[in-house]
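Below is one structure; the comments refer to it alone.
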Amino acid sequence: MLEQNNAPNPALPTPVQPVSSPIIEVAHLVKRYGPLTAVDNISFEVHEGEIFGFLGPNGAGKSTTIKTLCTLVKPSEGQVKVAGFDIMGQSDAVRQQIGIIFQDPTLDSGLTAVENLEFHCMMYHVPRPERSDRIKYVLDLMDLDAHKDRLVKTYSGGMRRRLEIARGLLHRPRILFLDEPTVGLDPQTRNYIWQYVRRLREIHKTTIFMTTHYMDEAEHCDRIAIIDHGVIVALDTPAALKRMVGEDQLELTTSDNTLAARIIEDYYKLSATERDDRLTLQVAEADRFVPALLGELPRLASNLVVNTLQIRKPTLEDVFLKLTGRLIREEDEGKKDERRLNLRKRRRL
Ligand SMILES: Nc1ncnc2c1ncn2[C@@H]1O[C@H](COP(=O)(O)OP(=O)(O)OP(=O)(O)O)[C@@H](O)[C@H]1O
Ligand SMILES: [Mg+2]
């Protein structure tokens, strides 16, 4: 597939970016929609050159935060500075500094890639003599030059997303906002999009602010704010967040999970969560705990059978579970993604 052959080498390491002064400063931001508080008193800073992510479930307030930072939604309370400009008093200056890739697609599928980019240049007052060079540059950067004269409706989902990113770069923003950049795309294409985003950061030191509800996607970020019901419940590097959970994760299925959970709680003083026919618990040293558990269980409950047992290292899902008591994808996310994808497909026609 041409699109994938042209992709950057996934094996390239990502250099660690030096942390500098904040390019986004958010203090006590609140956004209410009538009685609903979509964003509830959040404060954070993003540093120049950072890839910063908001991770949270549906309705957590991710898009509302992005739209507020991008001056598209007015805050109810709080102060926000983007690239040193106030989002309320200096919204035009803020808009010159940022590029936005919205959660839902906004390309005109009846136009070619170049035509879409030309239209954006016009909207952003990119000087006419510079337009063709800039268009060529962003198409090259996203490996789309060979497809530039094709109608967007003939593009794959991954190519469209890359074109949206290319478009967001035309006016040379210092900060790129990506709202769910890879939702509905297959894992391989998602991976390629990430290679391009990292390339962008390496070449231009562009600051990336993104939202996602994909755990693996959040791993690409230098730092992540975990947001739930409009509140930031944790903010740190992915590694530090996972250290919060710290212990090994043990997942088992048994002939009677409720009984097994009770025994584990009574006998080992460990709390086991029952979910989707599985028991999950955290233990300090799974390789010692598991043989002890399997040795003791027949004595403690002779009829109890352990069917499957899995040990794994903590993930961001475990962090979310620990902080909120819920899984991030507890709602039927697959179905929601499918709906979004279908919406995108309909818009292509
Ligand atoms: N224009 C609006 N009017 C009223 N309520 C809104 C509006 N926009 C968002 N909301 C509500 O605010 C809350 C946060 O929505 P938001 O779109 O920010 O969530 P999200 O984290 O981006 O979710 P998703 O993962 O589904 O994109 C939700 O309860 C949503 O219904
Ligand atoms: Mg959203």
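Worth saying up front: this structure is predicted, and the values here are computed from it rather than measured. Numbering of ligands and ligand atoms starts at 1, following listing order.
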(Q) Just to be sure I read this right, does ligand 1 sit under 4.0 Å from the backbone of L36, its side chain, both, or neither, counting only heavy atoms? (A)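 The answer is the side chain of L36.
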Q: Work out whether the distance between some heavy atom of P57 and some atom of ligand 1 is less than 4.0 Å.
A: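 Flag set, P57 near ligand 1.
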Q.
How large, to 10°, is the angle at the Mg ion (ligand 2) when you draw lines to OE1 on Q103 and to OG on S63?
A.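 Value returned, to the nearest 10°, is 80°.
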Q) Are R243 and D236 close enough, and set up right, to give a salt bridge (charged side-chain N to carboxylate O under 4.0 Å, His left out), and what steps lead you there? A) CA-CA 10 Å; R243 277 200 297 276; D236 216 322; over 6 Å; no
Which of the numbered atoms in ligand 1 are under 4.0 angstrom from any heavy atom belonging to [X]?
X    : value
A60  : 19 (O), 20 (P), 21 (O)
G61  : 14 (C), 18 (O), 19 (O), 20 (P), 21 (O)
E180 : 25 (O)
S63  : 17 (O), 18 (O), 20 (P), 22 (O), 27 (O)

**Q.** Shortest non-hydrogen contact from V46 toward R223
**A.**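 V46 and R223 have their closest heavy atoms at CA-NH2, 4.0 Å.
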Q. Side-chain contact, heavy-atom cut-off 4.5 Å: R167 with L107?
A.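 Result yes, sub-4.5 Å side-chain heavy-atom pair found.
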Q | Joint cluster assignment, F119 & L139, ILVMFWY side-chain distance < 4.5 Å | A |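 Shared cluster, no.
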Q) Among the clusters formed by ILVMFWY side chains lying less than 4.5 Å apart, do I98 and V73 turn up in the same one? A)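 No.
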Q | Result of checking L170, V138, L169 against H120 for side chain to side chain contact (heavy atoms under 4.5 Å, CB included) | A |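 Testing H120 for a side chain to side chain contact (heavy atoms under 4.5 Å, CB included) against L170, V138, L169 leaves exactly one candidate, L170.
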(Q) Tell me the nearest of H229, H213, Q103, K62 to atom 25 (O) of ligand 1, using heavy-atom distances. (A)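 Selected option, by shortest heavy-atom distance: K62.
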Q. Looking at the Mg ion (ligand 2), is one of the N, O or S atoms of T211 less than 2.8 Å from it?
A.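 Under 2.8 Å: T211 has no N, O or S contact with the Mg ion (ligand 2).
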Q: Look at the N, O or S atoms of T64, main chain and side chain alike, and state whether any lies under 2.8 Å from the Mg ion (ligand 2).
A: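 Within the cut-off used here (under 2.8 Å), T64 places no N, O or S atom near the Mg ion (ligand 2).
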Q | Counterpart residues, ring-ring contact (aromatic ring centres under 6.0 Å, His included), relative to H220 (two or more places apart) | A |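 Only W194 meet the ring-ring contact (aromatic ring centres under 6.0 Å, His included) criterion with H220.
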Q: Taking ring-ring contact (aromatic ring centres under 6.0 Å, His included) as the test, write out the residues that go with Y137, two or more places apart.
A: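 With neighbours one apart ignored, the set is H204.
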(Q) For the 3.5 Å polar cut-off, considering only N or O atoms, please tell me whether G56 and ligand 1 meet it. (A)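 Not met; the criterion fails.
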